Amino acid sequence: MENKTRRLQYNAPVTLTYTFMCLGVLLLGTATHHISTKFLFSNYKTSFLDPFQYIRLFTHILGHINWEHFSGNFLIILLLGPMLEEKYGSKSMVEMIMITAFVTGILNTILFDSALLGASGIVFMMILLSSFANAETGKIPLTLVIVVIIFLGKEVVSGIFIEDNVSQITHIIGGLCGGAFGYRKIHS
């Protein structure tokens with residue numbers, strides 16, 4: 001009889017590493033009373049002469065204000081990330097995450113006075129990208145249309161009618177990035 005040892009598998013390295021990095025940043029933020037989060041992991045309008053501004057264009061996707069914020073984002077990332085990483089590859093996922101971080105970061109800096117913090121742009125990128133998972137060349141998946149109506153439509157309505165501390169524009173931009181990545185993948 002063969003002895004089969006059960007071991008944990010690091011099955012989605014980008015998704016899991018990103019999750020653990022964000023968890024570490026959350027713990028660091030908690031330990032520093034969110035000073036580290038504001039200084040290194042929040043994107044906000046400041047001078048482009050500030051060298052940390054360029055770092056924060058990317059690192060804002062690592063910061064979260066509390067456990068609820070973190071768990072809300074990573075519940076979806078941990079559900080979609082492994083499937084997307086298997087479909088598109090780890091290298092492509094890193095590229096898509098970094099491009100989405102930069103685009104959301106730079107647009108927030110140029111257009112808004114509010115701080116940007118968290119992985120929700122990445123969440124929406126993954127939601128829209130997952131709608132292309134089984135798309136055929138030259139065809140628009142109906143799941144994509146429905147996801148755009150439900151998820152992005154909700155963000156547009158919320159952005160117009162609700163004043164809160166949520167960056168709906170980041171959700172929309174992240175979703176548009178995911179849609180662009182998915183469209184490019186089925187037409188390449």
Side-chain angles (χ1 to χ4, degrees), residues 11-19 21-23 43 58 60-108 110-112 114 116-188:
N11 61 312
V14 172
T15 303
L16 290 168
T17 301
Y18 180 40
T19 302
M21 288 173 66
C22 290
L23 179 60
N43 181 298
F58 296 95
H60 68 90
I61 65 168
L62 299 173
H64 291 82
I65 198 64
N66 56 34
W67 177 254
E68 290 76 24
H69 185 209
F70 171 84
S71 62
N73 282 331
F74 280 90
L75 175 65
I76 296 171
I77 288 172
L78 288 167
L79 288 171
L80 296 178
M83 172 200 61
L84 294 171
E85 201 168 336
E86 182 178 329
K87 168 104 176 132
Y88 298 110
S90 296
K91 182 179 179 211
S92 288
M93 286 306 299
V94 169
E95 291 170 358
M96 290 185 277
I97 289 169
M98 297 305 287
I99 290 168
T100 302
F102 178 75
V103 170
T104 56
I106 197 76
L107 289 176
N108 188 77
I110 292 169
L111 300 174
F112 301 100
S114 59
L116 182 58
L117 172 71
S120 60
I122 305 305
V123 168
F124 277 79
M125 179 269 290
M126 288 184 173
I127 289 170
L128 266 287
L129 182 60
S130 69
S131 298
F132 284 94
N134 64 351
E136 297 176 22
T137 302
K139 296 181 180 179
I140 297 172
L142 182 56
T143 53
L144 170 67
V145 174
I146 295 169
V147 165
V148 167
I149 291 168
I150 293 172
F151 281 95
L152 292 187
K154 174 187 169 285
E155 295 308 309
V156 170
V157 170
S158 294
I160 294 171
F161 297 110
I162 298 171
E163 284 195 40
D164 57 17
N165 289 329
V166 176
S167 178
Q168 283 85 10
I169 193 70
T170 300
H171 298 170
I172 294 166
I173 294 167
L176 292 174
C177 286
F181 298 143
Y183 184 81
R184 185 188 77 201
K185 295 288 184 186
I186 65 168
H187 286 85
S188 59

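Being a predicted model, the structure only gives us computed values, none of them experimental. Computation of the quantities below employed the complete heavy-atom set of this structure, encompassing side-chain atoms and omitting hydrogens, waters and symmetry-equivalent molecules.
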| said: Quick one, Leu144 with Phe132, criterion side chain to side chain contact (heavy atoms under 4.5 Å, CB included). Give me CA distance, side-chain angles, the key distance, then yes/no. | reply: CA-CA 7 Å; Leu144 170 67; Phe132 284 94; 3.3 Å; yes
| field | Worked verdict on Met93 versus Met126 for side chain to side chain contact (heavy atoms under 4.5 Å, CB included) | value | CA-CA 10 Å; Met93 286 306 299; Met126 288 184 173; 3.7 Å; yes
| request: Evaluate side chain to side chain contact (heavy atoms under 4.5 Å, CB included) for Leu16 paired with Leu78, printing each intermediate quantity in order. | output: CA-CA 8 Å; Leu16 290 168; Leu78 288 167; 4.2 Å; yes
| field | side chain to side chain contact (heavy atoms under 4.5 Å, CB included) evaluation trace for Thr170 with Leu116 | value | CA-CA 8 Å; Thr170 300; Leu116 182 58; 3.0 Å; yes
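Counting only residues at least two apart or in different chains, salt bridge (charged side-chain N to carboxylate O under 4.0 Å, His left out) contacts with residues 171-188 are absent. Contacts classified as salt bridge (charged side-chain N to carboxylate O under 4.0 Å, His left out) and involving residues 91-106 (residues at least two apart or in different chains) are given here: Lys91-Glu95. For residues 131-145, the set of pairs meeting the salt bridge (charged side-chain N to carboxylate O under 4.0 Å, His left out) definition, not counting sequence neighbours, comprises Glu136-Lys139. Sorted by first then second residue, the salt bridge (charged side-chain N to carboxylate O under 4.0 Å, His left out) pairs that include residues 67-90, not counting sequence neighbours, number zero.
Across every non-hydrogen atom of Ile97 and Val14, the tightest pair is CD1-CG1, 3.9 Å. When all heavy atoms are compared, the tightest approach of Ala135 to Ile186 is CB-CG2, 3.8 Å. Residues Asn73 and Val123 share a closest heavy-atom pair of O-CG2, 3.5 Å. Between Ile61 and Ala119, the shortest heavy-atom distance links the atoms O-CB, 3.8 Å. In this structure, Thr104 and Ala101 approach most closely via the heavy-atom pair OG1-O, 3.1 Å. Nearest heavy-atom pair across Asn66 and His69 is OD1-N, 2.8 Å.
The structure places OG of Ser71 at 10.5 Å from CD1 of Ile76, a figure rounded to the nearest 0.5 Å. Here the CD1-CG distance, from Ile169 to Leu176, works out to 8.0 Å after rounding to the nearest 0.5 Å. Separating the CG atom in Leu62 from the CD1 atom in Ile122 is a distance of 9.5 Å, to the nearest 0.5 Å. Considering OG1 of Thr100 and CZ of Phe58, their distance stands at 11.0 Å, rounded to 0.5 Å. The distance from atom CG of Leu84 to atom OG of Ser92, rounded to the nearest 0.5 Å, is 11.0 Å.
Using modelled atom types, one side-chain atom of Ser130 and one backbone atom of Ile127 make a donor-acceptor pair closer than 3.5 Å. Between the side chain of Thr143 and the main chain of Ser131, a donor-acceptor pair closer than 3.5 Å is present.
Other residues, nucleotides and ligands place no more than 12 heavy atoms under 6.0 Å from the OH atom of Tyr183. For Ile106, the CD1 atom is densely surrounded, since the number of other residues' heavy atoms within 6.0 Å is greater than 12.
Listed by chain and number, the residues in a ring-ring contact (aromatic ring centres under 6.0 Å, His included) with Phe74 are Tyr18, His64, Phe70 (sequence neighbours excluded). For Phe112, there are no ring-ring contact (aromatic ring centres under 6.0 Å, His included) partners, not counting sequence neighbours.
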